[in-house]
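Accompanying notes for the structure given below.
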Amino acid sequence: MRGILVAVLFCLPAPAADADLILRNGKVVTVDTSFRVVEAIAVKEGRITATGTNAAILNSERTPRTKLFDLGGKTVLPGLIDAHVHALEAGLSEFRGSLPVFDSIATVQNYIRSVARSRPKGAWIVVPRTLPPRLKEMRFPTKLDLDVTPDNPVAFDGSYVWSANSLALKMSGITRDTPNPPGGEIVKGPDGEPNGILRNASQLLKGATRSETFRDEDEVAALSKMLQLYASAGLTAVGDRAVTPAKFAIFEKLKSRHQLPVRVTLTWRIDAARPVEVIVSEIQASSWATNQGDDWLRFGAFKVTLDGGQSVGTAYQRMPYGAFGRQLYGQTDPDARGTMFIDPEKLYRIMSAARDKGWQLTAHVQGGGAIDSLLDVFQRLDRDKPIAPSRSHVMHGSFMSEAALDRMQQMGILVDVQPGWLYFDVPALKRVFGLANMRYFFPLRSFIDRGIIVAGGSDHMIGHDKNRAVNPFNPFFNMWATITRRTREDETVYPQEKVTRQEALKMWTIWAAYHQFAEKTRGSIEPGKLADLVVIDRDYLSCAEDDIRRIEPVATIVNGRVVWGRL
Ligand SMILES: [Zn+2]
């Protein structure tokens, strides 16, 4: 019966020329296998039905009811995909008011002063999460920096490391005699007194809380706002890289109301601090799996966080953080190499359980030591059963090595990268490790030359402004950083690792789609694919290189519908 039906379907004549929408007179960069540039696109019921010259498309696809848009020579790209964001956290971060850009200790101090004016005496002020390498001074603030208000306890949230002002230390009873908490440290100054820096010891601050509470409806509104801002930046799909069941419910709510402006692929991140048996049974009991869902909302990878962050001196490195680590991260042990949160045997058991459920696997790994450890586990899994078909990948993988690249190539492991960090973080990191030890810091050319599929992402987590956020989610800024490898000190980091404009575009389109098992439906402008497009204000392929970061979207189209801007 089914065979007959298939035969009948294939015998049907080609559908009549009846596009809902034709975009013509443009420079349409298709990102198909031969990177063709065409003039016109026809769209019907949310899908691309044809591409080609103005004449051919108008002749074959147009009917009296077709909407026609003249692009006036503008460039059209496939809808851009940011493979790595944290949409809900970012949405909430400025939901109740905007934050300044914390790019110097002075901006931190100004923020404290301005908040103090409206807070009662004795009320806590917490400076939201700030990455010390992004501060102009490139040093971790101490109590002296935070002593700008006499009446309020102040805490600076640097993630794993916090800092507190004198009043906060006093109110929390932290003195030179306070014992260090297990695994944490109260850092002392040359005078033997606490200097305010608390490494993995922020729990000692009595009354300082990092997270505000939000009602469910606020979370839905914040997520909706953030996704709309993604659309306004030219993104038509994102990968949300740390979803829990509670967060999933927020995404589901938006979807059920048909209010997702962009497509979302979810990464399930589990809390790996618990006993391995508990984690494994949670994986086995879960009804989630890779590729579950539809074109709007679906599951991608399964994730654990294997090491800390390079921004806080906790990414697990192959070499120590050394003397500059003290200044930048408040570290006291020059031999410290960072922190690994999961031992190899436990990681193998967790990943093995997830793989048995059909998951695409990934782990947050920034330091080289953590990358190597993840690849060891991938190799064990690969010996059990080839891992390549699962499209498993290294997440971030900042500190690569030639050996790691070779192993990824051999096993068919992919990578999710944040080239914006070349611009923002190399100036501080090179003072820590020396540029000579950063030869394989985001080695983009090496990945591509080895056939390792690279997805581009921002790791956007705080802020609503596409250029001022941490990290900026403006895809054109990130593609510019990918192409130029320039830092904010205007230095080019290993130019032999530069990629072309075409390759950078693939990282934000077809390769990101491949990571999400969506390359057959998204990532290029080809007949049969979803009509996800972005019209931009200058020619990506031929504009001056420094103009790439200044490209602005004119209209963002998802599923054949303009979700932002106008045609
Ligand atoms: Zn992330």
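Both ligands and their constituent atoms are indexed starting at 1 by order of listing.
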- Item | Selection residues 78-97 - residue pairs positive for salt bridge (charged side-chain N to carboxylate O under 4.0 Å, His left out), sequence neighbours left out | Glu89-Lys247, Arg96-Glu212, Arg96-Asp218
- Between Glu503 and Lys498, does at least one N-O distance fall below 4.0 Å, as a salt bridge requires? no
- Query: Excluding waters, which protein N, O or S atoms are within less than 2.8 Å of the Zn ion (ligand 1)?
  - Reply: His84 NE2, His86 NE2, Asp459 OD1
- Item | Arg431 side chain to Gln327 side chain, donor-acceptor N/O pair below 3.5 angstrom | no
- Query: Between Arg298 and Phe517, is NZ or CZ placed under 6.0 angstrom from the six-membered ring centre and within 45° of the ring axis?
  - Reply: no
- Item | Counterpart residues, salt bridge (charged side-chain N to carboxylate O under 4.0 Å, His left out), relative to Glu252 (two or more places apart) | none
- Residues which pass side chain to side chain donor-acceptor pair (under 3.5 Å) with Trp480, listed by chain and number, not counting sequence neighbours: Asp546
